[in-house]
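One structure is given here, and the rest of the page talks about it.
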Amino acid sequence: MKFVIRDDDTSYFTSKEDLEKAYGFIENGQVSLSVVPYAVPHHEKGVRPYGEGIPYGYYPVGDNAELVAYLNNNKDKYDLMLHGYSHEYQMVDGEWQPEMIWKDEERIAKEMKEGKEYLEKVFQREFTVFIAPNNAVNAKTLRSVEALGMDYGGIIKHRDRDWSPRYAMNYVHRYWIRLRTGMLMPGVLNYGRHREMVSYGLDDFETLMKEYELCKKMKAPFAIYTHYWVLNKDPMLKQRLRDLYHFMMCEGAELVSMSSCFKEARK
């Protein structure tokens, strides 16, 4: 069985010590890090994932030379993906909106292309998977994902994409599984010009085990998502991930990158 750990929010503000503290227990396989090209230090509702007192602005990840060297020297442990452009939120009509929602389509297309090319230059590897900040995405973002020849790490909601026969087929399939099991459909879904794969959260261990059993039954990759900075602040959540990893290894699972799951599905 394939097992994926997707970690979001690696950026200029991330240190190698942060990643080693979060994932020092990993003995075999790759953690899939989604990287913000030009991160802002603040998220919605005053969330400060990187600490207090950082002046607001756009910080290129390539300016953190120590992090870049660490990730480039540990390609066997970390796979990298594109995570938005800046992870910037804006207040719109009294609500905080993540960047792929509040930005217009022209800006999204320009920045996604720029961010992808920048990360490929900095990290000397191809970026083939896009992860939306806050897991919030829509049709205008997916058009850019497809234009860049990328896949998407997440499953989208209702009426938030361009209609197509594949969309209709996948929609019916997804919600048939949802009605039967009460859970999100696992595995890679083919939408023609791009593919998608859901990730599960760590919050509820009982639910997580049910999702694992569903993936096992459907012979689908079992992907979970988290954030290194959350793991480093929450010992209980980190222990849950550690226990899950060792359980999966004892089950004979293989920790693989999210991008490899997409590549295998494209064969």
Side-chain angles (χ1 to χ4, degrees), residues 3-16 18-19 22-23 26 29-41 43-44 47 49-50 58-62 64 67-68 70-72 74-75 77-89 98-101 103 108 111-137 141-142 144-145 148-156 188 194-202 221 223-232 241 255-263:
F3 174 43
V4 175
I5 298 176
R6 181 195 117 196
D7 181 290
D8 297 343
D9 293 354
T10 295
S11 73
Y12 166 85
F13 303 104
T14 307
S15 70
K16 68 176 185 178
D18 291 331
L19 296 176
Y23 296 110
I26 300 291
Q30 283 184 305
V31 177
S32 301
L33 303 178
S34 59
V35 183
V36 187
Y38 300 95
V40 294
H43 289 184
E44 63 177 327
V47 175
Y50 310 118
Y58 300 91
Y59 292 78
V61 67
N64 186 335
L67 174 67
V68 171
Y70 173 71
L71 293 176
N72 284 342
N74 287 277
K75 292 183 179 181
K77 185 168 182 177
Y78 301 107
D79 188 53
L80 305 182
M81 306 174 293
L82 174 62
H83 193 39
Y85 181 79
S86 63
H87 213 306
E88 184 174 13
Y89 289 79
E99 66 173 325
M100 311 321 293
I101 304 302
K103 290 180 177 177
I108 287 172
E111 291 184 347
M112 279 184 61
K113 183 175 184 296
E114 179 184 330
K116 179 178 186 292
E117 291 175 349
Y118 173 69
L119 292 183
E120 289 178 337
K121 180 179 179 181
V122 168
F123 292 104
Q124 304 165 32
R125 67 185 88 179
E126 185 180 16
F127 280 65
T128 61
V129 180
F130 178 76
I131 306 293
N134 203 47
N135 292 303
V137 74
T141 305
L142 280 182
S144 293
V145 168
L148 292 170
M150 304 184 81
D151 293 310
Y152 177 64
I155 289 183
I156 307 177
V188 178
H194 80 281
R195 285 162 173 75
E196 299 176 14
M197 185 171 74
V198 72
S199 302
Y200 303 105
L202 282 169
I224 60 173
Y225 75 91
T226 186
H227 304 75
Y228 71 86
W229 56 272
V230 174
L231 295 177
N232 289 340
L241 179 60
L255 180 62
V256 301
S257 67
M258 180 168 281
S259 61
S260 71
C261 294
F262 286 122
K263 289 175 183 176

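What you are looking at is a predicted structure, and each value in this text was computed from that prediction instead of being measured. Values reported hereafter were calculated over all heavy atoms of this structure, with side chains retained and with hydrogens, waters and symmetry mates removed.
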Report the C-alpha distance between Y78 and Y70 in whole Å, list the side-chain angles of each, state the deciding distance to 0.1 Å, and finish with yes or no for side chain to side chain donor-acceptor pair (under 3.5 Å). CA-CA 10 Å; Y78 301 107; Y70 173 71; 3.0 Å; yes
Does Y118 have any side chain to side chain donor-acceptor pair (under 3.5 Å) partners at least two apart in sequence or in another chain, and if so, which? none
Does E117 have any side chain to side chain donor-acceptor pair (under 3.5 Å) partners at least two apart in sequence or in another chain, and if so, which? K113
Looking only at heavy atoms, the pair that brings V137 and I101 closest together is N-CD1, 4.0 Å
Assess, by modelled atom type and distance only, whether the side chains of S32 and D79 contain a donor and an acceptor separated by less than 3.5 Å. no
Distance-only side-chain donor-acceptor flag, Y38 / E111, under 3.5 Å: no
Under 6.0 Å between ring centres, would you say that holds for Y59 and F13? yes
Near-ring test H87/Y89, centroid separation under 6.0 angstrom: yes
Could you tell me whether the side chain of [Y] reaches within less than 4.5 Å of the side chain of [X], counting heavy atoms only?
| X | Y | value |
| --- | --- | --- |
| L148 | F127 | no |
| L80 | T10 | no |
| S144 | M100 | no |
| I131 | Y225 | no |
| T141 | F130 | yes |

Check the surroundings of atom OH in Y12: do more than 12 heavy atoms from other residues, nucleotides or ligands lie under 6.0 Å from it? no
Summary of side-chain hydrogen bond (donor to acceptor under 3.5 Å, both in side chains) pairs that have at least one residue in residues 120-131, sequence neighbours excluded: K116-E120
